[in-house]
A.B. asks: 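Got a structure here, written out as structure tokens. Questions coming.
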Number of protein chains: 2
Amino acid sequence: MPELTVSSVLTAERSVGIREVARLSGVSIATVSRVFNDAAAVNPETRERVLEQAQALNYQPSSLGRNLVRGRSELLGLIVPNVAFPLYGEMIGGIEEVLGREGMSILLALSHDNVDSEFTAAQHLLRHAVDGGIIINSRLGLNAPLPAPRGLNWVQVAPEHTGTPHRVELDNEAGGRLAALEMLGLGRRRLAFVGAPGRESADRERGFAAELRRAGLIYRRAQGDYSEASGVQAAGELLEHNAAVDAVFVAGDLMAAGVLRALHQRGLRVPEAVAVVGFDDAAIASLLYPRLTSIRQPARAMGTAAAELSLRLLGGHRTEPITFPPELVRRESTGPPSRLSARHF
Amino acid sequence: MPELTVSSVLTAERSVGIREVARLSGVSIATVSRVFNDAAAVNPETRERVLEQAQALNYQPSSLGRNLVRGRSELLGLIVPNVAFPLYGEMIGGIEEVLGREGMSILLALSHDNVDSEFTAAQHLLRHAVDGGIIINSRLGLNAPLPAPRGLNWVQVAPEHTGTPHRVELDNEAGGRLAALEMLGLGRRRLAFVGAPGRESADRERGFAAELRRAGLIYRRAQGDYSEASGVQAAGELLEHNAAVDAVFVAGDLMAAGVLRALHQRGLRVPEAVAVVGFDDAAIASLLYPRLTSIRQPARAMGTAAAELSLRLLGGHRTEPITFPPELVRRESTGPPSRLSARHF
DNA sequence: TTGTACGCGTTATCAA
DNA sequence: TTGATAACGCGTACAA
């Protein structure tokens, strides 16, 4: 068997076009086009005939031709750091829901948390003439902007740098306040924070610190990198020297999983001895033992909001940045301090 | 400000085309095309001039026009049940890696574990003239095939129904055998299985059962649906009537999380009293307490394999279905039976 | 080495 | 209500 080239395979049986349908239904291609765009008036009988033929030939208007003449692609570019992180998955789910409704598709690119590949990914998407773009957790900022010809707009979800016009964000500071208030409300007074690099963690800490200040308290802090291992490590630091900590606010659920593990290993009961509040309310939060109280980031809603923003920009409308309020999801890792509980931890 | 229509916005400042570049560099569009496809010979000086102008105008050849004339889109369609499940995310990562290398992009669609939306998603992708397609966990089979004109090929990753020509799969049966051997090797003799609907779980059970038969053992079984809650429930059923179970093989990690929880709640130590083996080795496996021993599904490698298969098909080559061997990842949830351990569980 | 001209599949304008 | 026909942006025979 001779080796075939790519093009020979694909063009071997080029898909049936508008001409074919027109010819076999005895009308002009213009009429077929009209039938499929049901814009202008078409004689019901003619329409019927055309639709029938199209069905028989299994004809589908080609987006390629249509987009060429229209100057749009019905594609929306989406750049995500990675897809293995469930929170991003939820956002994508929200985006897809809205876009699907409008008949648009998602052109996906991964940035791997890397500024350079963010940029090249954007260029890649642009070559496909995407009508708009959404980028999650972008590190690109105003001084190093995303490429955007033709008045194309990028909507940024939780960008690292502020200042870009189209944004969907979580009020991270409010999230930090929620965590603090939960712990203070439970009577905890020896609080700690586990942070990570980046603006989001900083904002979360700022809110947390503000509430503690109001209560006249200080807090211990340790730094991680959002990984579970760093959570174990951070908890270790916080607890050494017999430090008396009775509540830990962790800037990410994965790190919180590490904190829980470190507490288990030291035989400290959660929440009786130490309460723990995570952040994101990722899927793992409710799988941990005990189930983790966490500050919920409405990822799916943020996705739909980003998609809607993108659509509005596409329509030439003006938009405002959107900030979502966080929400505390109370589970088993927070509760009143006690030594009388029947819990194992 | 007057409301603008979509088209008015996008065409307002239509991107610079090949004509513009040709005119300003004093050559024909054919030459510009040649420069950008470096196919034919072009005078170095001319090439330089064109490239310069292109740079100045920030010209990028439009995929729309290029694809139209070439009959390909450099797009690969990808249909996934959802994106929030980390295993899929890993696969997508693998796919993207291979495709990016070839300059191809991913057109993403979600099937929501639904046969109908699988089909419509495929049609959607086809309208964009994707050059090939990958579908994960498809429920479509030979009798209800995927739409595929123009000799387009779909590569199926872990399809529910067998018989489709281009497949990438895990040897689930071997996975079941691995789980059984691990438990038997630890001296466990009172085994149980928690299954779920579908072929994958059935295959896993078949391998598990085969090894037990060889050892002259029977096992208890309970049925779940891959959710954590169903794992809790299933474990409850297995343990009622004081049933003596000392090892549980669970067809999915999420369910295994539920099984662990149920064991904790009954005060049964893992792995001392009961050993647990999960399946998939999803990201959560190593976050559970204790860390879950699991049968690893090399998701990323399966993704790259699917993408490479797709590329080979695109090139007109013949291919064989690929089956990956599973691997047991031993963590804390399996170990010798003992009552002397210092573990809390 | 370069240019002319056609075609890719569609929409949209204009005339019929 | 319909049909010619001119775009859309590009690649590529073929001719020069």
Side-chain angles (χ1 to χ4, degrees), chain A residues 5-8 10-23 25-50 54 57-74 126-129 131 149-150, chain B residues 5-8 10-23 25-50 54 57-74 126-129 131 149-150:
Chain A
T5 67
V6 167
S7 59
S8 71
L10 278 178
T11 54
E13 173 193 347
R14 208 152 190 142
S15 63
V16 36
I18 198 172
R19 258 184 295 272
E20 192 82 351
V21 180
R23 197 169 55 76
S25 12
V27 298
S28 73
I29 60 169
T31 300
V32 176
S33 174
R34 276 190 277 261
V35 168
F36 276 89
N37 297 283
D38 46 34
V42 179
N43 186 312
E45 295 176 21
T46 320
R47 147 176 264 107
E48 185 66 25
R49 197 146 32 96
V50 169
L57 294 171
N58 194 22
Y59 165 77
Q60 294 253 116
S62 147
S63 304
L64 255 43
R66 163 178 290 170
N67 295 337
L68 181 61
V69 59
R70 280 197 183 160
R72 349 179 9 190
S73 60
E74 303 197 323
L126 255 35
R127 286 198 21 249
H128 283 279
D131 296 338
R150 297 184 317 155
Chain B
T5 68
V6 168
S7 60
S8 70
L10 279 177
T11 55
E13 171 194 347
R14 205 152 194 143
S15 62
V16 37
I18 198 173
R19 258 185 295 271
E20 191 81 352
V21 179
R23 197 169 53 78
S25 22
V27 298
S28 72
I29 62 166
T31 301
V32 177
S33 173
R34 277 189 276 261
V35 168
F36 275 90
N37 297 282
D38 47 34
V42 179
N43 186 314
E45 293 178 20
T46 319
R47 146 175 265 109
E48 186 66 25
R49 200 147 29 97
V50 169
L57 294 171
N58 195 22
Y59 166 76
Q60 294 253 114
S62 146
S63 310
L64 255 42
R66 162 178 289 170
N67 295 338
L68 183 61
V69 59
R70 279 198 185 158
R72 354 180 1 192
S73 60
E74 303 197 324
L126 256 35
R127 288 198 18 249
H128 283 279
D131 296 338
R150 298 184 317 156

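These figures come from a predicted structure and were not determined experimentally. Side chains included, hydrogens not; waters and symmetry mates left out as well; all remaining heavy atoms used. Each chain gets a letter, A, B and so on, in the order the sequences are listed, and its residues count up from 1.
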A.B. asks: Is A:Ser28 close enough to D:dA4 that one of its side-chain N or O atoms is under 4.0 Å from OP1 or OP2 there?
C.D. replies: no
A.B. asks: So, is B:Arg19 near the phosphate of D:dG9, with a side-chain N or O under 4.0 Å from OP1 or OP2?
C.D. replies: yes
A.B. asks: Does B:Arg70 put a side-chain nitrogen or oxygen below 4.0 Å from OP1 or OP2 of D:dC10?
C.D. replies: no
A.B. asks: Check every atom of D:dC8, C:dG3, D:dT2 against the side chain of B:Arg34 and return the nucleotide holding the closest atom.
C.D. replies: C:dG3
A.B. asks: Is any side-chain nitrogen or oxygen of A:Arg66 closer than 4.0 Å to OP1 or OP2 of C:dG9?
C.D. replies: no
A.B. asks: Please give, in whole Å, the distance from D:dG9 P to B:Asn37 CG?
C.D. replies: 17 Å
A.B. asks: Under 4.0 Å from OP1 or OP2 of C:dT2: is there any side-chain N or O of B:Thr46 that close?
C.D. replies: yes
A.B. asks: Assuming nearest nucleotide by heavy-atom distance, tell me which of B:Ile29 and B:Gly65 is located more 5' along DNA chain C.
C.D. replies: B:Ile29
A.B. asks: Give a yes/no on whether any side-chain N or O of B:Ser62 is located under 4.0 angstrom from OP1 or OP2 of D:dG9.
C.D. replies: no
A.B. asks: Quick check: on DNA chain D, is the nucleotide nearest B:Ala30 upstream (toward 5') of the one nearest B:Leu64, or the reverse? Name the residue that is more 5'.
C.D. replies: B:Leu64
A.B. asks: Let me know which of B:Val42, B:Val27, B:Ile18 forms a side-chain contact (heavy atoms from CB on, under 4.5 Å) with B:Val35.
C.D. replies: B:Val42
A.B. asks: Considering just the side-chain nitrogens and oxygens of A:Asn43, establish if one lies under 4.0 Å of OP1 or OP2 belonging to D:dT1.
C.D. replies: no
A.B. asks: Is any side-chain N of the basic residue among A:Arg127 and B:Glu74 closer than 4.0 Å to the acidic one's carboxylate O?
C.D. replies: yes
A.B. asks: For C:dC8 and B:Arg72 - does any side-chain N or O of the residue sit under 4.0 Å from the phosphate oxygens OP1/OP2?
C.D. replies: no
A.B. asks: Output the single nucleotide from C:dT10, C:dG9, C:dG3 whose closest atom is nearest the side chain of A:Tyr59.
C.D. replies: C:dT10
A.B. asks: Whole angstrom is fine here: how far is it from CD in B:Glu20 over to P in D:dC10?
C.D. replies: 11 Å
